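All residue numbers refer to positions in the sequence shown, counting from 1. In this text the structure is predicted, and so the values were computed from the model without any measurement. When a ligand or atom number is given, it counts from 1 through the structure's own listing order.
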Amino acid sequence: MSQFDLEDLPTNLSDNEHFHSIVERVISRRGFLKLGAGASAAAFLGGMLSACGGSSSGSNPASASSLLGFKPVEKYTGDQVVMPEGYSVSVLAPWGTPLFGSTAAYRDDDSNSAADQAEQVGDNHDGMHYFPINGSEEGLLVINHEYHERTMYADREPKTLDDCRKSQHAHGVSVLHIKKNAQDRWEVVVDSRYNRRIHGNTETKLTGPVAGDDLVVTSADPLGKTVLGTLNNCGNGHTLWGTYLTCEENFNQYFGTTSPEAADGNDPRDALLRRYGINRAASGGTYRWERFDDRFDYMKEPNEPNRFGWIVEIDPFDPDSPPLKRTALGRFKHENCAMTLSRDNRVVVYSGDDQAGEYIYKFVSDGYYDPNNPIGNRELLKEGKLYVARFEDRAPRGEGMLGTGRWILLDKNENEHLRQNDHDFPDQAAVLVKTRLAADAVGATPMDRPEWIAVHPKTGEVYCTLTNNKGRTESEVDGVNPRASNIYGHIIRWREAGDDAAALEFEWDLFVLAGNLNVYPPNHPRAGSANVTRDNAFNSPDGLAFDADGRLWIQTDGDDSDAGDFAGQGNNQMLAADPATGEIRRFLYGPKGCEVTGIAWTPDQRTMFVNIQHPGGSWPKSQWPEITGGGARPRSATVVITKDDGGVIGT
Ligand code: FEO
Ligand code: CA
Ligand code: CA
Ligand code: CA
C-alpha cells in the first residue's frame with residue numbers, strides 16, 4: 001500500500017478532523033506509533049491493528065485466554081481433518097446419504113437418479129443448526145446444501161430435464177433426525193418422520209410485502225405466492241421460536257437464456273437483472289438448466305429470478321409445513337443471518353450481501369417477541385423495517401471503537417430518495433425485490449464482501465466477516481475497509497447505540513485484519529493486525545459463530561495454495577477467538593481443496609458439528625472422506641467433533 005496524506009483520505013471518512021481524532025485515539029490507546037501529518041498508511045493501520053490487544057510486534061499475544069484451552073494445530077496441507085490433541089472427529093451424513101430405508105444407496109458414480117437425490121442428503125453442506133429433541137443426545141440437524149458437484153452426471157453438463165432435476169434436488173436443505181447410538185456415536189435415524197429434503201423443486205410460499213406482487217408473478221404462478229424451490233443455500237440462522245433460516249446466496253447463476261436475442265453479444269437484460277448478476281446468455285458454471293427447464297430462462301420467465309435471493313424460514317419439526325420466503329428481510333445474495341432482540345423485544349435480524357462492494361443490512365420486526373406466545377412469534381418475520389449500514393466519520397464515544405455508523409431505512413414512504421423515485425420504486429414491494437438498487441440510492445457503504453454475521457451472546461456486539469476484496473482500489477479505501485487489494489480479508493464488529501439492537505446508530509471497530517507474517521514484515525498492512533501471528537495465519541474469513549460461552553469461531557474459504565502471499569497458511573481452517581483479548585488460535589484444518597463452513601453445537605457444547613464443503617475443490621486428488629473405499633469421489637460431509645475427556649469444545 002502506498003503512503004497517503006491525511007488530506008487524501010477517502011470521502012467516506014473525509015472529515016479530517018474527526019478522522020485524525022480517531023487515528024490519534026487508536027494510536028494513543030495502543031502506544032504503538034506516533035502519528036503526524038503525512039503518516040504512512042502502514043503506520044495508520046499499525047495503530048488500528050493493535051485494536052484487539054496482544055503485542056504490536058506480531059508475535060503471539062502474551063496473555064493467556066480463559067476461553068481458549070486447546071493446543072493450536074500446526075500448518076497442514078494434507079487430505080484429512082486435523083484437530084488439536086485430545087479431540088476426535090468422525091464423519092456424518094455425506095452427500096448421498098439415504099434418509100429412508102426405501103431410498104437408493106449412494107453410488108460412487110453418476111448413476112443415482114433425480115428421484116434418488118430427492119431422498120438423499122444434498123451436496124456442498126454449508127450452514128447448519130442443531131434443534132434438540134432429547135437435549136444433547138438426540139435432535140434434528142438441519143443442513144444447507146449450497147450447490148452441486150460437477151461429478152454428478154457424465155460430461156458435467158445436463159443432457160436431459162432429469163439431469164437438471166438431479167442437480168436441483170442436490171440443493172436446498174436436509175432435515176436429519178440424529179441420535180447417539182449405544183457406542184455414543186451420532187447416527188441418522190433412517191425413516192424418522194422428521195427426515196426431510198427441501199430442494200430446488202419443493203413448494204415454498206412467499207410471505208410479506210412482496211407476496212402476490214406483479215414482480216413475482218409467473219406463468220406457473222399467476223398469484224405470485226408459490227415458488228418451486230430454494231437454491232444456493234449458503235449460511236443460515238435460526239429463530240428464537242425453534243425454526244431454521246436458510247439463506248439464498250448466489251441464485252443468479254442458475255438463470256440464463258437460450259434466446260437468439262442474447263446471441264452475438266446482444267444484451268437483453270434490464271437494469272435489475274444486471275444489478276443482481278443474472279447471466280446475459282448461458283447460466284453460470286455448468287448448470288444450463290435453462291436449456292430444459294423454461295423457468296430458468298429469464299427471457300421466458302422474466303420474474304422467476306425475483307423469487308430467489310430471500311431468507312427462508314423452515315419449521316424442522318413439521319415435515320408438512322411449506323418453507324416460507326420472508327420478503328420483508330430484503331432480496332440480495334444473503335450469506336447467513338443472525339437474530340437477536342431489541343430492548344423492547346422486537347426481533348432484529350442481521351444479514352450481509354456477499355459480493356465485493358455490497359452492503360450489510362438489518363431487519364427490525366414490527367411485532368414483539370413473546371416467549372409465551374409461540375404461535376404469534378411465527379409471524380414476526382412477515383412485516384418490519386429493513387435498514388442498510390452506512391459507516392461514517394463522527395468521533396466514537398465507546399471504548400475501543402474506531403468509528404460510527406447509521407442504519408438507513410429502506411422504506412418507500414419514509415426515505416426521500418425512494419419516495420421521489422416512483423419509476424424504480426412504485427411501492428415497498430419494489431424496494432424489497434430491488435433491495436440492492438434501493439441501497440445504492442440511499443448511500444450505503446460498499447464493503448469487502450460481507451459473509452457471516454454473529455451476535456455475541458453476552459455483550460450483544462455484532463461481528464461480521466469481510467472475506468476479501470482484491471478489487472478495492474486506493475481511492476476506495478475507507479476506515480472500515482482499510483486496505484486496497486484486500487487479499488486476506490478482515491472481521492469488523494459494531495456496538496449498537498444504547499446496546500439496543502434496534503438503534504439507528506452504532507459504533508464500529510476492527511477485530512482482526514487477516515495477514516501473513518510469513519510473507520510480509522510486521523508493520524506492513526498485509527502482516528495483519530497484532531492478533532495475527534505466524535501460527536494462526538489465515539485468509540478469507542467466512543463462517544462465523546459464537547458458542548454459548550462467547551468463543552468466536554472463524555471458518556475460512558480462501559486460497560489454500562500455501563504458496564506466494566498465502567505461504568504458511570495451509571488448507572482452509574477453523575480458528576477460535578476470545579473477543580475480550582483478541583487472541584485467535586487455530587483449532588482445525590480441513591482436507592485439501594475444501595472450505596470449512598457451517599457450525600452447530602449440542603446444548604451441552606460437548607458435540608460440535610462442522611461442515612467440510614467441496615473437499616478436493618482445488619485439488620483433484622482428494623478422496624476425503626474415503627468411506628466408500630479406494631477411488632472414491634470426494635464428498636462434502638458433516639464432521640462430528642468431540643473432546644476425548646468429554647469436555648466442552650474449545651476449553
Ligand atoms: Fe456461500 Fe459467500 O459463501
Ligand atoms: Ca460462505
Ligand atoms: Ca466465501
Ligand atoms: Ca462455498
Measure the acute angle between the ring planes of F296 and W289, then classify it against the limits of 30° and 60° as parallel, tilted or perpendicular. perpendicular
Side chains of Q355 and F332: closer than 4.5 Å at any heavy-atom pair?
-> no
request  = Step by step, work out the salt bridge (charged side-chain N to carboxylate O under 4.0 Å, His left out) result for D353 and R449.
outcome  = CA-CA 7 Å; D353 184 350; R449 290 188 59 194; over 6 Å; no
**Request:** Taking the side chain as every heavy atom from C-beta outward, state whether L245 and N236 have any atom pair closer than 4.5 Å.
**Result:** no
Pair Y130 + W601: ring centers closer than 6.0 Å: no
**Asked** Of the backbone and side-chain N, O or S atoms of N124, does one lie nearer to the Ca ion (ligand 4) than 3.0 Å?
**Response** no
A correct count of protein N/O/S atoms found below 3.0 Å of the Ca ion (ligand 2) gives 4
Residue set satisfying side-chain contact (heavy atoms from CB on, under 4.5 Å) with A170, at least two apart, ordered chain then number -> Q117, D123, H148, M152
Of Y276, F308, Y298, Y287, the one forming a ring-ring contact (aromatic ring centres under 6.0 Å, His included) with Y254 is Y287
In terms of ring plane angle, is the pair H238 and H129 parallel, tilted or perpendicular, where the classes change at 30° and 60°? parallel
Protein-derived N, O or S atoms lying less than 2.8 Å from atom 1 (Fe) of ligand 1, waters not counted, sum to 3
When W452, W494, Y361 are each screened for ring-ring contact (aromatic ring centres under 6.0 Å, His included) with Y350, the one that passes is W494
Residues passing the ring-ring contact (aromatic ring centres under 6.0 Å, His included) test with H490, sequence neighbours excluded, are none
